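Report on the structure given below.
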Amino acid sequence: MEQTSFTIPLLFNDEAFRHDLLTWYQGNKRLLPWRENQDPYRIWVSEIMLQQTQVDTVIPYFNQFMERYPTIKELAEADEQNVLKSWEGLGYYSRARNLHTAVKEVVEKYDAQVPSDKKELKQLKGIGPYTLGAVLSIAFNHPEPAVDGNVMRVLSRILHIDEDIAKPKTKKLFEEVVKEIISYEDPSSFNQGLMELGALVCHPKNPECETCPVQQHCLAYEHGDQKDLPVKTKQKKQKVSSYYGLVLKNDEGKFFIQKRPDEGLLANMWEFPIVLQEEFDQKELVNWFEVEYGLSINIYTQGKRVRHVFSHVIWEVDVIYASVKGGQKSDGDGKFVTLEELERYPMPNIQQKIKKLIH
DNA sequence: AATGCGTGGTC
DNA sequence: TGACCAAGCAT
């Protein structure tokens, strides 16, 4: 009844492919912190961190995170601000907040045991189709597909599938394909093997086909057009927004920072106040701040321009230094802190760049 | 379905 | 050096 626009070629030897892939994986898999055991909590955390993030970047974050939050209960009992601090610099911060929410739910509803039930696991915050399959297969040995960018790239070449992998529908196609060829003996190694192959051999550019363990199964290699696969439409260019960033110091040498809103970009992270230049000209800044924060500031110099590229937008922030009179009161989410105290607040990289300009 | 959501590495 | 890429999810 399910009609996909693709059927696996009869000449594709899935049994031999599984054997060759698993044999290669067993002999070539990297020793990674989350591969030391099969603790579902560790597997879960690693999969969240690995979303859109490279292994080398994740490793130190994962080790520190596990040192600080060794068990589900300890993470569940933590303050979100501390969890965000552990995530600082890793990006996509909603991952951390969703993981924290989900972990608390697991403690309450499932006695702190990661559910192995597909439906229960899927409804947890931050667990989508990929992470669901990854946790089920790696932690519980269930034969579920875990289709990420690696898997789509590898299989698009092996089976010569030229559907646009940027389209959601295409991922479903690959999930159906994996269901048909996955190993029921070792689904964990099968899924990880596909991803490992994508990371170590079947690169996006210049795939190392000459040393590929499944070269003889690869239709793209046979055609000689592996460089043209996968097909992927490119994303739009980011638009640039210009801001003023205010580094405000009061009489005690403390700096003004504020907590960002609880949703949207960099939610619940802390920042030096910024304002869109198209909304307020530099001449209006003093008045704007007075009205917005109830504090009188005195601009004394303009610093450098800081540029920061996000996934979907570019910020250019002109840093402005100013002094504040008095400034003990702190309405809402703003407050004055010393440079030392500032270290305890989770701040995104754009704000770290601004912070480094303080001398 | 299309868009919002970070950061670092590569060429 | 800008563009692309990397173990995606929420809405």
Side-chain angles (χ1 to χ4, degrees), chain A residues 29-30 32-35 42-62 84 87-99 101-102 121-135 137-139 145-154 164-172 174-175 178 188 190-200 202-207 230 232-241 260-269 271 307-315 346-353:
Chain A
K29 64 179 176 184
R30 290 168 290 181
L32 301 172
W34 46 90
R35 287 179 177 164
R42 290 170 62 91
I43 305 295
W44 181 10
V45 171
S46 74
E47 290 300 340
I48 300 298
M49 286 188 172
L50 286 163
Q51 289 169 8
Q52 298 287 280
T53 312
Q54 302 199 166
V55 165
D56 289 344
T57 302
V58 166
I59 289 174
Y61 280 90
F62 179 83
L84 282 174
W87 214 271
E88 183 181 86
L90 199 51
Y92 286 145
Y93 299 102
S94 65
R95 292 183 296 176
R97 298 188 298 117
N98 288 338
L99 174 63
T101 300
L121 202 52
K122 179 69 177 69
Q123 70 185 34
L124 294 173
K125 272 284 202 301
I127 297 188
Y130 164 75
T131 307
L132 175 68
V135 173
S137 62
I138 299 172
V147 175
D148 71 336
N150 282 312
V151 172
M152 287 196 284
R153 182 175 62 259
V154 169
D164 182 359
I165 67 170
K167 296 191 180 304
K169 195 174 180 180
T170 305
K171 190 199 285 187
K172 293 181 179 176
F174 279 105
E175 286 168 350
V178 171
S188 170
F190 182 87
N191 282 339
Q192 292 189 80
L194 280 181
M195 292 187 278
E196 199 80 341
L197 188 66
L200 300 182
C202 196
H203 307 113
K205 295 171 183 174
N206 307 317
K232 186 181 184 183
T233 55
K234 45 188 171 186
Q235 62 181 47
K236 297 177 182 175
K237 275 202 299 185
Q238 305 100 321
K239 290 184 178 178
V240 180
S241 297
R260 290 180 60 83
D262 62 7
E263 59 183 15
L265 182 62
L266 307 172
N268 286 0
M269 303 290 281
E271 65 182 3
R307 181 183 170 87
H308 191 76
V309 180
F310 293 92
S311 53
H312 60 299
V313 68
I314 296 173
W315 281 8
M347 300 184 87
N349 276 14
I350 172 61
Q351 294 292 333
Q352 299 291 350
K353 290 180 183 176

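In what follows, every heavy atom counts, from backbone to side chain, and hydrogens, waters and symmetry copies are set aside. Numbered from 1 within each chain, the chains take letters A, B, ... in sequence-line order. Nothing here was measured: the structure is a model prediction, and the numbers come from that model.
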- prompt: What nucleic acid atoms does A:R153 come within less than 4.0 Å of, heavy atoms only: base, sugar-phosphate, or nothing?
  reply: sugar-phosphate

task: Using atom types as modelled and distance alone, determine if a side-chain donor or acceptor of A:R95 lies under 3.5 Å from a backbone N or O of A:Y92.
output: yes

query: Are A:E263 and A:R97 ion-paired here, with the side-chain N under 4.0 Å from a carboxylate O?
result: no

- request: Take atom CD1 of A:I165 and atom P of C:dA6, then tell me their distance rounded to the nearest Å.
  value: 8 Å

- prompt: Is the shortest side-chain N/O distance from A:Y92 to OP1 or OP2 of C:dA6 below 4.0 Å?
  reply: no

query: Under 6.0 Å between the ring centres of A:W315 and A:F310?
result: yes

query: What's the closest nucleotide to the A:N98 side chain, out of C:dA10, C:dA6, B:dG6?
result: C:dA10

message: It should be established whether A:H308 places a side-chain nitrogen or oxygen under 4.0 Å from OP1 or OP2 of nucleotide B:dT7.
response: yes

- request: Check every strand shown and say whether A:L32 touches a base, only sugar-phosphate, or nothing at a heavy-atom separation below 4.0 Å.
  value: base

task: Tell me, yes or no, whether the heavy-atom count around A:K125 atom NZ, taken from other residues, nucleotides or ligands under 6.0 Å, exceeds 12.
output: no

task: Could you work out which one of C:dG8, C:dC5, B:dT7 sits closest to the side chain of A:T131?
output: C:dG8

- prompt: Hey, is A:R260 close enough to A:E271 for a salt bridge, meaning N to O under 4.0 Å?
  reply: yes

field: Nearest-neighbour nucleotide for the A:K234 side chain, C:dC9, B:dC5, C:dC4 considered
entry: C:dC4

task: Nearest-nucleotide wise, let me know which of A:K169 and A:M347 is further upstream toward the 5' end of DNA chain B.
output: A:K169

task: Using whole Å, report how far OH of A:Y93 lies from P of B:dG8.
output: 8 Å

query: Between B:dC5, C:dA3, C:dC4, which nucleotide has the shortest distance from any of its atoms to the side chain of A:K237?
result: C:dA3

- prompt: Hey, does the side-chain of A:Y130 have a donor or acceptor N/O within less than 3.5 Å of a partner on the base of C:dG8?
  reply: no

- request: Verify the distance criterion only: is there a donor paired with an acceptor across the side chains of A:D164 and A:T170 at less than 3.5 Å?
  value: no

message: Base, sugar-phosphate or nothing for A:R307? Non-hydrogen atoms, less than 4.0 Å.
response: nothing

message: On the nucleotide B:dT3, are OP1 or OP2 found under 4.0 Å from the side-chain N or O atoms that A:K236 carries?
response: yes

message: Quick check for you: among C:dA6, B:dA1, B:dT7, whose closest atom lies nearest to any side-chain atom of A:Q52?
response: C:dA6

Distance-only polar pair, side chains of A:E47 and A:Y130, donor-acceptor under 3.5 Å: yes

query: If you look at every strand shown and take non-hydrogen atoms under 4.0 Å, does A:W34 touch a base, only sugar-phosphate, or nothing?
result: base

query: Which one, C:dG8, B:dG4, B:dG6, comes nearest to the side chain of A:H312?
result: B:dG4

query: Rounded to the nearest Å, what distance is computed from the CE atom of residue A:M269 to the P atom of nucleotide B:dC5?
result: 14 Å

task: Give the rounded distance in Å between these two atoms: NZ of A:K205 and P of C:dA3.
output: 12 Å

field: P atoms of C:dG2 and B:dC5, separation to the nearest Å
entry: 23 Å

field: For atom CZ of A:R97 and atom P of B:dC5, their distance in whole Å
entry: 11 Å

message: Need one value for A:V55: base, sugar-phosphate or nothing, where a base atom within 4.0 Å counts as base even if backbone is also close, heavy atoms only.
response: base

- prompt: Would you say a side-chain N or O of A:R95 is under 4.0 Å from OP1 or OP2 of C:dA10?
  reply: no

field: Minimum-distance nucleotide to A:K167 side chain [options: B:dC5, B:dA2, C:dA6]
entry: B:dA2

- prompt: Which part of the nucleic acid, if any, lies within contact of A:V309, taking any heavy atom under 4.0 Å across all strands shown: a base, the sugar-phosphate backbone alone, or nothing?
  reply: base

field: B:dG6 to C:dT11 separation - P atoms, rounded to the nearest Å
entry: 14 Å

field: Rounded P spacing from C:dA6 to B:dA1 in Å
entry: 22 Å

field: Candidate nucleotides B:dT7, C:dC9, B:dA1, ranked by approach to the side chain of A:P168 - the nearest
entry: B:dA1

- request: Quickly work out the A:L99 CG to C:dA10 P distance and round it to whole Å.
  value: 12 Å

- request: Figure out the CD/P separation between A:Q238 and C:dG2, and round it to whole Å.
  value: 11 Å

- prompt: What is the nucleic acid contact for A:L90, judged by heavy atoms within less than 4.0 Å: base, sugar-phosphate only, or nothing?
  reply: base

message: Between A:G264 and A:Q54, which residue's closest nucleotide on DNA chain B lies nearer the 5′ terminus?
response: A:G264

- prompt: Rounded to whole angstrom units, what separation is found between the NZ atom of A:K232 and the C1' atom of C:dA3?
  reply: 12 Å

- request: Pick base, sugar-phosphate or nothing for A:R30, based on heavy-atom distances below 4.0 Å to the nucleic acid.
  value: base

- prompt: Per the atom types in the model, does the base of B:dG6 pair as donor or acceptor with the side chain of A:T53 at under 3.5 Å?
  reply: yes

- prompt: Taking the side chain from A:E175 and the backbone from A:V147, do they hold a donor-acceptor pair closer than 3.5 Å?
  reply: no

